[in-house]
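What follows is a single structure, written as structure tokens, with notes after it.
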Amino acid sequence: MFIHYEYYYTDVYTMTSKCHDLGLRVSYVGQVLFARAFSSIGKFVMDAIHIENLNKTVARGRKLLDGIDLRVAPGEMVAIIGASGSGKSTLLRHIAGFVTGDAGSNVRVYRQSVQIDGRIARNVRSIRRDVGFVFQQFNLVGRLSLETNVLLGCLARLPLWRRLLGLFPERERALAVTAMTEVGMATHAAQRADDLSGGQQQRAAIARVLVQQARLLLADEPIASLDPRSAVRVLELMRQLNTAHDMTVLVSLHQIDMARQFCPRIVALSQGRIVYDGPGSGLSDDDLTALYEGRAISVAKAAA
Amino acid sequence: MSELRSSEAVLAHRRHSLYTLLPVLIILSLLAATWRGADIRPMDLFQGQDGMREFARGFFPPDYSEWRQYVHEMYITLSIALWGTLLAILAAIPLGLLSAQNVAPAWVVQPVRRLMDTLRAINEMVFAMLFIVAVGLGPFAGVLALWVHTSGVLAKLFAESVEAIDPRPREGIRATGAAQIDEIRYAIIPQVLSLWISFAIYRFESNVRSAMVVGMVGAGGIGVMLHESIQSFNFAQSAAILLIIVLTSSFLDICSSFLRNGIS
């Protein structure tokens with residue numbers, strides 16, 4: 001019924017890094033073939049995200065997430081697609097440990113448990129330091145300057161007195177300036193976040209993730225409230241985080257063409273289930289129509 | 001058939017009008033039942049007309065001979081109000097956060113809220129009388145009374161504004177792995193600060209009025225003077241004091257609304 005991607009998910013990372021060492025560039029298909037051949041290596045590589053049997057049931061037995069099993073290797077850039085209410089946001093919020101699943105649900109990020117058996121880990125805040133989150137509504141503090149918002153990414157590294165007094169060390173300030181420059185927002189540093197456009201706010205949110213020095217970036221419909229140009233800009237930045245900063249990226253998207261363009265791997269959700277997991281080319285237009293109409297997707301075709 | 005339907009409609013209409021009449025009847029009967037309790041005697045206003053006129057005439061012309069002292073006492077009253085409010089703000093910040101449901105767990109929120117309810121339920125004047133016993137007559141008792149009562153009021157207002165914040169920026173900060181204290185410092189405080197300041201200014205303004213009243217039970221300030229002048233039937237002096245009170249109050253009123261408009 002479902003496409004399982006497990007035969008190469010972890011090995012792509014090993015493979016990619018090996019090729020980088022050798023100065024080689026290998027096509028995605030090449031990576032997959034390589035990974036298949038050396039699939040035994042996979043056991044020793046840790047996942048960036050490892051979700052086992054994640055279920056989320058709400059009132060009247062309605063399932064927001066239904067038996068999700070998902071593994072994402074370090075360095076991957078994965079899109080989650082699906083209709084509204086298919087569970088994309090819910091899934092991302094579970095990975096960041098904002099909410100907990102039913103008993104029996106397990107979520108691990110870089111080997112650290114975010115939730116075990118549906119209970120949030122005690123050290124979830126320290127795990128979140130590795131996890132950057134970009135939201136549809138940017139979630140910046142509107143009354144603070146752009147620079148302060150970006151600096152908030154380093155809070156978890158600072159001693160209490162510095163956080164309370166708002167005294168950020170020079171090193172972190174420099175980091176913030178670098179990050180703002182990288183997303184092209186350095187000239188707006190002193191402006192209030194309120195006064196920026198949506199695209200600018202989202203780039204600031206990405207700069208915050210850079211200052212945070214996260215290893216995994218979760219993005220919940222990051223371009224849904226942006227105009228097409230800003231949307232492309234934001235996705236390009238995310239790709240840059242993925243390639244230049246070695247961040248694993250898991251991004252939920254509505255626009256399938258964007259997902260295909262930016263993400264080698266696409267996970268499709270429908271009514272809380274993973275109905276497709278594979279390269280974007282494996283999804284036909286009929287599949288997509290089915291996906292957005294909530295019909296069963298013909299996965300056999302996708303596998304071919 | 002249609003006849004039946006129309007009579008049903010009329011019945012429905014009658015029932016409807018009865019429902020609208022009911023609250024009016026309830027209110028009227030309530031007023032009737034409390035007439036005696038409140039000892040309403042409208043005729044007395046007219047029967048004692050001569051006495052009333054005499055009483056009113058006593059206020060004019062106001063006696064300004066002691067105005068320096070009135071101004072000095074007004075300064076004391078303002079000092080009481082200022083310190084009472086300041087201490088209350090300091091107390092209300094932690095107490096307000098602890099009684100906000102989106103900050104503290106229920107087992108903290110409920111007891112803190114009940115405590116704040118108690119502080120609000122008891123009037124400043126009652127607190128003043130209690131503190132006079134504890135620390136003696138004088139302005140300090142007034143400061144303590146205002147502090148305690150205003151803490152209850154401000155904590156509630158602060159907590160309500162915290163509960164009304166936009167949760168999204170806070171989640172953004174939480175997502176970076178920051179602690180709860182950081183969420184408060186960087187997501188909650190920036191959102192509520194202007195409201196808090198506006199509440200604090202408003203409470204200062206109303207605390208000036210309260211400080212005059214707590215003065216009457218012996219907690220210092222212009223209230224003491226007013227109380228003494230009325231007790232000794234020196235209504236000309238009372239009139240002068242009342243005038244100063246009215247002027248100060250309106251002045252502060254204007255300043256406070258001006259400031260609060262500037263903030264929001």
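- For W196(B), the CH2 atom sits in a packed shell: over 12 heavy atoms of surrounding residues, nucleotides or ligands are nearer than 6.0 Å.
- Within the 4.5 Å cutoff, no side-chain heavy atoms of F135(A) are placed close to those of R168(B).
- Using a 4.5 Å cut-off between heavy atoms, I127(A) makes no contact with chain B at all.
- With hydrogens and angles ignored, the 3.5 Å screen pairs a side-chain donor or acceptor of Y186(B) with a backbone N or O of R163(A).
- Among N149(A), V131(A), L164(A), the residue with the largest count of heavy-atom pairs under 4.5 Å with chain B is L164(A).
- The contact between R174(B) and chain A is made by backbone and side chain atoms together, counting heavy-atom distances below 4.5 Å.
- Side-chain N or O atoms of R125(A) include one that pairs as donor or acceptor with a backbone N or O of A178(B) at under 3.5 Å.
- With a 4.5 angstrom heavy-atom cutoff, R208(A) touches chain B only via side-chain atoms.
- Other residues, nucleotides and ligands place no more than 12 heavy atoms under 6.0 Å from the CZ atom of R119(A).
- Neither the backbone nor the side chain of F138(A) comes within contact range of chain B; no heavy atom of the residue lies under 4.5 Å from a heavy atom of that chain.
- Within the 4.5 Å cutoff, no side-chain heavy atoms of L152(A) are placed close to those of T176(B).
- Looking at L140(A), L144(A), V141(A) one by one, the single match for side-chain contact (heavy atoms from CB on, under 4.5 Å) with P169(B) turns out to be V141(A).
- More than 12 heavy-atom neighbours from other residues, nucleotides or ligands sit within 6.0 angstrom of CZ on F168(A).
- For chain A, the nearby parts of Q180(B) are the backbone and the side chain; heavy atoms of each come within less than 4.5 Å.
- Residue F98(A) places its CZ atom among more than 12 non-hydrogen atoms of other residues, nucleotides or ligands, all under 6.0 Å distant.
- Contacts of L151(A) with chain B are absent, with no heavy-atom separation under 4.5 Å from either backbone or side chain.
- Contacts with chain B were tallied for A214(A), G142(A), G166(A), C154(A); G166(A) has the most, counting heavy-atom pairs under 4.5 Å.
- Heavy atoms of R143(A) lying under 4.5 Å from chain B belong exclusively to its side chain.
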